[in-house]
Amino acid sequence: MSARSLTAALGAACSALVLLLAAPGPAAAATGQFRYSYTTAEGYEAVGFLNNPASGECINLQGPGAEPGSASRAPKNRTDATATVFLDADCEGDTYYTLRPGSGAGDRLLLRSVVFS
């Protein structure tokens, strides 16, 4: 192998290593569980939960069998991250509430989406 070929191969290997180190890793996740209550389409009270939810990603909440677009309520943030809950879907709108790790709210707090920081 010539010196020129060896230099080119070494340069390519170094470039690949730099790209590998610069690539983003997996998204961080909040550790723990986020719980919320909702009413099923049949009228029963139910509890939904998210285990170790991803951080920085909006999550729309809808319990199994719930009417599309219906709001959940009574969130309990049992994760190690701050949860911001929104009345509107897709973490949008002017109505939102922040829950510190380990805190919760009562049935009067309605929510349709949540994001963890």
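Along the sequence shown, residues are numbered consecutively beginning with 1.
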Quick one: closest heavy-atom pair of [X] and [Y], and the distance?
X    : Y    : result
V115 : G56  : CG2-C, 3.8 Å
G32  : P53  : O-CD, 4.0 Å
S55  : A29  : OG-C, 3.7 Å
A81  : S117 : CB-O, 3.0 Å

Going from [atom1] on [X] to [atom2] on [Y], what distance comes out if it is rounded to the nearest 0.5 angstrom?
X    : Y    : atom1 : atom2 : answer
E57  : C91  : CD    : SG    : 10.5 Å
L109 : Y97  : CG    : OH    : 7.5 Å
T31  : F116 : OG1   : CZ    : 11.5 Å

Subject >> Single-linkage hydrophobic cluster, 4.5 Å side-chain cutoff, I59 and V85 together >> reply: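 Both belong to a single hydrophobic cluster.
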
Check: [Y] and [X] side chains under 4.5 Å, non-hydrogen atoms:
X   : Y   : value
R73 : T39 : yes
L61 : Y38 : no
L99 : F34 : yes

**OP:** Check which hydrophobic residues are tied to V47 through side-chain heavy-atom contacts below 4.5 Å, counting indirect links as well, and list them.
**Re:**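 Its cluster mates, by chain and number: none.
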
Subject >> Remaining members of the apolar cluster that contains L110, side-chain heavy atoms under 4.5 Å >> reply: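 Its cluster mates, by chain and number, are L87.
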
Subject >> Sequence neighbours excluded - side chain to side chain donor-acceptor pair (under 3.5 Å) pairs with any residue from residues 77-94 >> reply: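 Non-adjacent pairs meeting side chain to side chain donor-acceptor pair (under 3.5 Å): N60-D90, N77-T79.
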
